[in-house]
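We number each residue from 1, following the sequence as shown.
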Amino acid sequence: MKLVVQKYGGSSVKDKERVMNVARRIVETYDAGNNVVVAVSAQGDTTDELIEKAKEINENASKREMDMLLSTGEQISISLLAMAIEKIGRPVISLTGWQAGFKTDKTFGNARISRIDTERLKDELDKRKIVIVAGFQGINKNDDITTLGRGGSDTSAVALAAALNADVCEIYTDVDGVYTADPRIVKNAKKLKDISYDEMLELASLGANVLHNRSVEMAKKYNVNLAVKSSLNKNEGTIVKGANKVEKMLVRGVTRDNDVARISLCGVEDTPGKAFTIFSLISKENIGVDLILQSIGRDGKKDISFTVKEEDLDTVLKLIEENNDTICADDVKFSKDISKVSIVGAGMVTNAGVATKMFEALYNAHINISMIATSEIKISVLVDQKEAERAVVAIHDAFLLEN
C-alpha cells in the first residue's frame, strides 16, 4: 500500500464546486488502495481578506495576533473538504497544523518547521482514514500558533511527505505543471516533463509562482518525489527530481518577479567593512538581499546598490536613515517600478554565449538593463517594470524555448 501526500492550493478549493471536485480526486486516490494525507490552503482570496480585516482594526497589529487570525483560513478549508469527503462516504478526519504535530521556531509570520510529531498522523492512517491537514501553520514551544509565510502550504506538504516517508508528494494547483515561462504572458510557453530540484528552486526563487522555494529546498534535502499537477484536469504534470547528467546546457525557463525594490546608497566611504556594516543591519531584521552591485571607488567614495522585496523597502529605508551616522551615504535613492527577469538552466557558467544571447534579445527589443547578476544556474537582470512582460517574451523567443 502506497502513501500519497497531496496538496491543494486556494484556487483549487475556492468554492463549493471545486471543493467537491477535490474531494472526488482524493477519494479516487484512496479507492485505488493508497493511504492519503492532504495539505490544504485557505480558500481563494481568504488570506488577503483576513489581512484587510486586520488593517481595519489595527494597521500595526503584532505578528503573533496576525498568525492567530490567518491560521483560521486553512481551518475553514480543511473542515469543508472533510465534510465533502464524508458526504461521498469515506472515512476522513481534518487536523490543524498543531494537531498534525507541526512544531516550528518562534518566528511569527515566517516560521520554520523544526519537526513533525507523526504519532497522531500514523494513528489515523492505521485506521484507514483520509487525513486532511491545514497547511501553512504550526505551533512553537510556547504553544503559540505560527504561520510559515506565503506559499507555506507547499512546504507543509513536502514536510509531511518527508516525515511520513511518502511514496510521492503531489502538488495540485490551477496550472498543469511547470512551464518554460508564465503561459499567461508567453502564449507558446511549453510544459516541462521534468525539471531538476536546483532548476526548480531557482525558478521558484525568481518569481515562478508554481512552487514555493522552501518546499523545493526541503524536497531536495529529503529526496521527496515531487509532482506538479492541475486540480482541474487529468493531464500529466511535471516531475521535480535530481539533476539529469547532461553536458549540453539547456535554458529551462524564463521568469519575471515584480516584487522587487532597488536601493542605491550613493557616495559611501570606500573603506573596509562598509558593506558588512550595511548588510548586517539588514540581516538583523531577517530581510533578504538579492542583487548587489558595488561601483569602483573614486575620490574615497563608492556607490552600493541592492534589491529587496518591495514589502521590505520601507523597513530598510528606515534602517538606513536611523544608522546613516555609521553608513555615511551622501544620498539614498530607491525605485519600486522595476522587475527582475531571469533565465534558469543547469551549467550556464560552462557554456559561452548564453548571457550574450539574453542581452541581445533585450537589445533587439529596446529594453534597458539596470543591474545584472549571474550564477552557475541563472542570469538575472533588472528592467523597468512596464517592460518586463515584453522582456520575458523576447528572451523566450531568442532561446526557442517553445521547442
Side-chain angles (χ1 to χ4, degrees), residues 1-9 12 22 25-41 100-102 112-113 115-116 118 121-122 124-126 128 130-133 135-136 148 151-180 191-205 208-246 250 252-253 344-346 377:
M1 183 180 293
K2 289 185 177 180
L3 172 58
V4 178
V5 172
Q6 297 181 339
K7 179 263 176 178
Y8 291 92
S12 298
V22 166
R25 295 193 72 136
I26 292 168
V27 167
E28 188 177 300
T29 304
Y30 176 84
D31 287 349
N34 301 299
N35 279 325
V36 185
V37 178
V38 182
V40 190
S41 300
F102 277 80
R112 295 266 173 176
I113 301 166
R115 71 181 191 279
I116 301 178
T118 59
L121 292 164
K122 289 178 178 177
E124 301 297 350
L125 289 171
D126 287 343
R128 273 295 281 160
I130 297 168
V131 183
I132 311 295
V133 178
F136 176 67
L148 309 182
S153 292
D154 288 353
T155 308
S156 297
V158 175
L160 284 166
L164 295 168
N165 196 27
D167 294 279
V168 66
C169 180
E170 299 172 342
I171 306 292
Y172 286 92
T173 180
D174 53 358
V175 296
D176 58 356
V178 181
Y179 281 74
T180 52
K191 184 171 68 178
L192 300 171
K193 184 178 180 181
D194 55 61
I195 188 169
S196 72
Y197 290 124
D198 288 337
E199 290 168 331
M200 188 67 244
L201 181 56
E202 288 292 353
L203 287 172
S205 301
N209 296 316
V210 180
L211 283 174
H212 193 263
N213 59 319
R214 277 166 60 182
S215 70
V216 184
E217 284 178 2
M218 190 174 293
K220 180 183 177 182
K221 182 177 179 180
Y222 295 102
N223 199 30
V224 173
N225 292 319
L226 201 56
V228 181
K229 300 182 177 183
S230 171
S231 62
L232 306 177
N233 59 53
K234 298 292 183 70
N235 295 345
E236 189 176 343
T238 300
I239 304 299
V240 186
K241 60 182 185 179
N244 292 322
K245 294 183 178 179
V246 292
L250 182 65
R252 303 304 301 276
V344 172
I377 200 169

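Judged as a ring-ring contact (aromatic ring centres under 6.0 Å, His included), the pairs with a partner in residues 152-172 (not counting sequence neighbours) are, in order, Tyr8-Tyr172.
Looking at heavy atoms from C-beta onward, Thr180 lies in side-chain contact with Leu192 at the 4.5 angstrom threshold. In this structure, Met200 and Arg252 have side chains that are not in contact, with every pair of non-hydrogen atoms separated by 4.5 Å or more. At a threshold of 4.5 Å between non-hydrogen side-chain atoms, the residues Ile195 and Val228 do not count as touching. Counting heavy atoms from C-beta outward, Ser196 and Lys220 have side chains that stay 4.5 Å or more apart. Residues Val40 and Val22 have side chains not in contact (no heavy-atom distance under 4.5 Å, counting atoms from C-beta outward). Looking only at side-chain heavy atoms (C-beta outward), Leu226 and Leu211 come within less than 4.5 Å of each other.
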Name every donor-acceptor pair, under 3.5 Å, that has one atom in a side chain of residues 29-38 and the other anywhere in the protein, sequence neighbours excluded.
from  : atom 1 : to     : atom 2 : distance (Å)
Thr29 : OG1    : Gln6   : NE2    : 3.1
Thr29 : OG1    : Arg25  : O      : 3.1
Tyr30 : OH     : Arg128 : O      : 2.7
Asp31 : OD1    : Arg90  : NE     : 2.9
Asp31 : OD2    : Arg90  : NE     : 3.4
Asp31 : OD2    : Arg90  : NH2    : 2.8
Asn34 : ND2    : Thr29  : O      : 2.9
Asn35 : OD1    : Arg128 : NH1    : 3.1

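For Leu160 against Leu121, the heavy-atom pair with the smallest separation is CD2-CD1, 3.7 Å. Taking both residues in full, the closest heavy atoms of Ile171 and Ala157 are given as CD1-CB, 4.1 Å, listed atom of the first, atom of the second, then distance. Scanning both residues, Val158 and Ala219, for their nearest heavy atoms gives CG1-N, 3.5 Å.
Without hydrogens or angle criteria, Lys191 side chain to Glu236 main chain gives a donor-acceptor distance under 3.5 Å. A donor-acceptor pair under 3.5 Å links the side-chain atoms of Arg214 to the main chain of Leu148, judged by distance alone. The main-chain N or O of Leu3 is found under 3.5 Å from a side-chain atom of Asp167 such that the two form a donor-acceptor pair. Of the possible polar contacts, one joining the Thr238 side chain to the Val178 backbone as a donor-acceptor pair under 3.5 Å is found.
Considering CG of Leu125 and CG of Leu164, their distance stands at 6.5 Å, rounded to 0.5 Å.
A side chain to side chain contact (heavy atoms under 4.5 Å, CB included) with Ser41 is found for exactly one of Ser153, Ser12, Ser156, namely Ser153.
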